[in-house]
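Please read the structure below before turning to the comments.
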Amino acid sequence: MGIKHKILLFFVTCGFIGYLPRAPGTFASLFGAALLYVFPFSSLSGNIIFVVSFIFVSIVSINWLKSEAKDPGYIVIDELAGMCVTMAGHKPTILNVVAGFVFFRIFDIVKPFPISKAESLKEGYGVMADDVIAGIFANLALVAVGRIT
């Protein structure tokens with residue numbers, strides 16, 4: 001295993017969180033929530049540029065690994081990306097980050113249409129697409145809750 005492969009594994013497993021024996025996706029989502037709380041974006045445009053770039057780099061990284069499995073459990077960078085999408089444009093208060101985490105996990109686990117359909121895309125596109133769409137749904141849920149409260 002070369003250094004490029006090790007670096008890619010470190011990245012797509014969120015620092016090897018993906019190798020945790022239980023709920024690695026949930027822990028990667030928690031990691032993302034904590035990062036977004038501690039290191040908030042200062043502008044919506046900066047947030048969007050980062051999220052789009054991060055998704056692109058993540059897809060390329062997943063594709064470089066050329067995993068045999070359709071969506072291997074150890075790849076959890078998609079959960080981190082999903083949390084970034086969830087929180088895009090929202091202030092990272094404790095309440096927002098917790099609500100965003102809960103909404104994201106619900107949509108990521110339940111996978112209502114079109115989230116379930118997105119998984120059928122090939123390679124890293126399918127790995128990332130379901131979590132990006134779950135993040136969009138969670139983001140919209142945060143907007144809806146914000147309008148209600």
Check side-chain contact (heavy atoms from CB on, under 4.5 Å) between [X] and all other residues, then give those that pass, not counting sequence neighbours.
X	result
Val52	Ile48
Ala23	Thr26, Phe27
Ala81	Phe54, Ile55, Met128

* To do: Measure the spacing between CD1 of Ile133 and CZ of Phe113 and express it to the nearest 0.5 Å.
  => 9.0 Å
* **Nearest-0.5 Å distance, CD1 of residue Ile59 to CG of residue Leu121** => 9.5 Å
Answer yes if [X] and [Y] sit in the same cluster of Ile, Leu, Val, Met, Phe, Trp and Tyr residues linked by side chain heavy atoms under 4.5 Å apart, and no otherwise.
X	Y	result
Ile7	Ile17	no
Leu30	Val38	yes
Ile109	Leu140	no
Ile49	Leu44	no
Phe56	Ile75	yes

* Asked: Which pairs with one or both residues in residues 106-116 pass salt bridge (charged side-chain N to carboxylate O under 4.0 Å, His left out), sequence neighbours excluded?
  -> Arg105-Asp108, Asp108-Lys111, Lys111-Glu119, Lys111-Asp130
* Structure fact -> Which of Phe11, Phe16, Phe10, Tyr19 passes ring pair (Phe, Tyr, Trp, His ring centres under 6.0 Å) with Tyr74? It is Tyr19
[X] versus [Y]: any side-chain heavy-atom pair under 4.5 Å?
X	Y	result
Val145	Phe103	yes
Ser29	Leu80	no
Thr13	Ile77	no
Val12	Ser58	no

* Structure fact -> For Pro24 and Gly73, the nearest pair of non-hydrogen atoms, with its separation, is CG-O, 3.9 Å
* Structure fact -> What one should report as the nearest heavy-atom pair of Asp78 and Val127 is OD2-O, 3.2 Å
Could you pull out every donor-acceptor pair under 3.5 Å between side chains of residues 82-101 and any protein atom, sequence neighbours left out?
from, atom 1, to, atom 2, distance (Å)
Thr86, OG1, Gly82, O, 2.8
His90, NE2, Asn139, O, 3.3
His90, NE2, Asn139, OD1, 3.0
Thr93, OG1, Asn96, N, 3.1
Asn96, ND2, Lys91, O, 2.8

* Scan residues 28-47 for pairs that pass ring pair (Phe, Tyr, Trp, His ring centres under 6.0 Å), counting only residues two or more places apart or in two chains. => Phe41-Phe50
